[in-house]
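These notes concern the structure reproduced below.
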Amino acid sequence: MTALVWLLLVPFAAWAVLRLTEWDLGLYWIQLVAFTPFVAAASAVVPLVALLLRRWPVVAAGVLVTVVLGVCVLPRALAEGNPAAAGRELRIMSTNMAVGAASPEEIVSLARRLKPDVLTIQELTPGAVESLKKAGLDDLLPNRAGKPANGPWGSGIYARFPLRAGPIIEYGNFRQAEAVVKVPGGPEVYVASVHPCAPRFDYKVWCWAQGLRALPVAEPRGVVRVLAGDFNATLDHGALRRLLGTGYRDAADVTGQGLSPTWPAKGWKPIPGVTLDHVLADPRIAIRAYSTHLIPMTDHRTLFAHLVLP
C-alpha cells in the first residue's frame, strides 16, 4: 500500500518539477501543461489518501507537491495592483473568428456595446472582412491593418484612431498583424494581433515557438506595447512566461480572472476549458477592467480589456 501511494504521487511530483522550469519539452508536454490548474487541484487527493492510511512521509511529500502547484496557479485568482497611470484610456477587444465563421453581426453588436478603440482579430478571412464591413464595423473602427487569408492564417487590427501598419509576423503561414495606433492626447501604442501556430502536431511545435518568440518584449522606457489575441498558450507554458518576464502584465491575471477559460468557448467534453487567449499590457499601463464574451460560431471567447495609458 505504501508503494502504491508513492507511485500515485510520482506523476504529480514530476509535473511540479517540469512546471517550475521554463522548458516546453515537446508536443505532448506543450499540450498537457495547459491543464496544470486541474492537475494542481487533483494533486490534493494524494496527501489526503496518505493521511487516511497514516503514511506520514507521503503526506509530507504530497503536501509539498500540492503547495508548489498551487503557488503556480492560485495567484491568477487574486487581483493585483496597478501602476500610477493617469493618461488616456484605451479599450481593447480581441476575437478569434474561427476561419471567418464567427457571426459578424454579433461581433459588431458587442463592439457597439463595449466601445473598443482597438479590435484585434485572428483567423480573419477576406470574406469576413466584407461581412464585418456590411455589419457596420468600419463605421465604428474605420482604420485597419493586417493580412486576411483563406484559412486560419489571417490576422487584422481595426482601430478608432489612425494607425500605421507594421510588418506581418509570419511563421508556418500564420500571420500576426502589427500596427502603431496614434492615440489622440496619448502616446503611440504598438499593438499586435497575436496568433502563433497551434501546437497540434510535431511539425507545428517549431512555428508555435517561433511565433511567440518573434513577439516584441516589453520595454519599460520604450514604445508602449499591447499584445492581444489567441496565443495558443497558457500562463503555464514556458514560452509565454518568458515573454511575461520581460515586463508584460496579463489583464486576466491582474484582475483576478486568470483562471477563467477562453477555449473551448462553451466546453467540449471531455476537454476542460483552458486560458489560451490573452491581453498583455506594457508594465506602465493600468488595467481597469477585463471580461470575456461568447460569440456564436467560434470556439474562442472574445476578450475585452479597459486600459489606462501612462
Side-chain angles (χ1 to χ4, degrees), residues 16 19-22 33-41 43 66-94 114 116-118 120 183 186-187 189-192 194 212 215-263 272-293 300-310:
R19 170 56 183 78
L20 289 176
T21 72
E22 290 192 348
V33 74
F35 301 97
T36 294
F38 302 99
V39 173
S43 70
T66 299
V67 167
V68 169
L69 290 171
V71 168
C72 289
V73 301
L74 287 178
R76 300 172 208 175
L78 304 175
E80 302 175 13
N82 273 307
R88 178 70 184 260
E89 295 182 356
L90 187 70
R91 302 162 75 90
I92 302 284
M93 181 171 149
S94 180
L114 298 178
D117 301 305
V118 177
T120 67
V183 181
V189 180
Y190 166 95
V191 176
V194 179
L212 289 172
L215 294 169
V217 300
E219 295 183 358
R221 293 180 179 83
V223 177
V224 176
R225 288 173 173 159
V226 176
L227 314 179
D230 171 11
F231 284 69
N232 277 315
T234 72
L235 299 186
D236 293 300
H237 286 94
L240 184 51
R241 298 209 310 277
R242 285 190 291 273
L243 185 61
L244 285 165
T246 67
Y248 286 114
R249 303 167 75 230
D250 180 273
D253 184 29
V254 169
T255 56
Q257 300 177 70
L259 294 175
S260 299
T262 65
W263 177 90
V274 294
T275 311
L276 297 182
D277 305 82
H278 308 270
V279 176
L280 302 190
D282 183 288
R284 296 164 290 180
I285 293 175
I287 299 165
R288 178 169 291 178
Y290 168 86
S291 57
T292 67
H293 305 267
H300 288 259
R301 293 183 73 95
T302 293
L303 310 184
F304 174 75
H306 187 172
L307 311 177
V308 180
L309 301 175

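Considering only residues two or more places apart in sequence or on other chains, Glu89 meets the salt bridge (charged side-chain N to carboxylate O under 4.0 Å, His left out) condition with Arg288. For Leu78, the side chain to side chain contact (heavy atoms under 4.5 Å, CB included) criterion is met by no residue, not counting sequence neighbours. Among residues two or more places apart in sequence or in another chain, the side chain to side chain contact (heavy atoms under 4.5 Å, CB included) test is passed with Pro220 by Pro283. Applying the side chain to side chain contact (heavy atoms under 4.5 Å, CB included) rule to Val183 yields the partners Arg88, Leu90, Phe161, Val181, Val189, Leu309; only residues at least two apart in sequence or on another chain are considered. For the side-chain hydrogen bond (donor to acceptor under 3.5 Å, both in side chains) test, residues two or more places apart in sequence or in another chain that qualify with Arg76 are Asp236. Taking Tyr290 as the reference, nothing meets the side-chain hydrogen bond (donor to acceptor under 3.5 Å, both in side chains) condition, with sequence neighbours excluded. Partners of Thr275 under the side-chain hydrogen bond (donor to acceptor under 3.5 Å, both in side chains) rule, at least two apart in sequence or in another chain, do not exist in this structure. Looking at residues two or more places apart in sequence or on another chain, you find no ring-ring contact (aromatic ring centres under 6.0 Å, His included) involving Phe304. Scanning for salt bridge (charged side-chain N to carboxylate O under 4.0 Å, His left out) contacts around Arg91 gives an empty result, with sequence neighbours left out. Not a single side-chain hydrogen bond (donor to acceptor under 3.5 Å, both in side chains) links Ser260 to another residue, sequence neighbours left out.
In this structure, Asp253 contributes its side chain and Gly258 its backbone to no donor-acceptor pair below 3.5 Å. Although no hydrogens or angles enter the test, the distance criterion places a donor-acceptor pair under 3.5 Å between the side chain of Arg242 and the main chain of Glu22.
Legend: side chain to side chain donor-acceptor pair (under 3.5 Å) pairs involving residues 217-228, not counting sequence neighbours: none detected. Sorted by first and then second residue, the ring pair (Phe, Tyr, Trp, His ring centres under 6.0 Å) pairs involving residues 216-246 (not counting sequence neighbours) are Trp208-His237, Phe231-His278.
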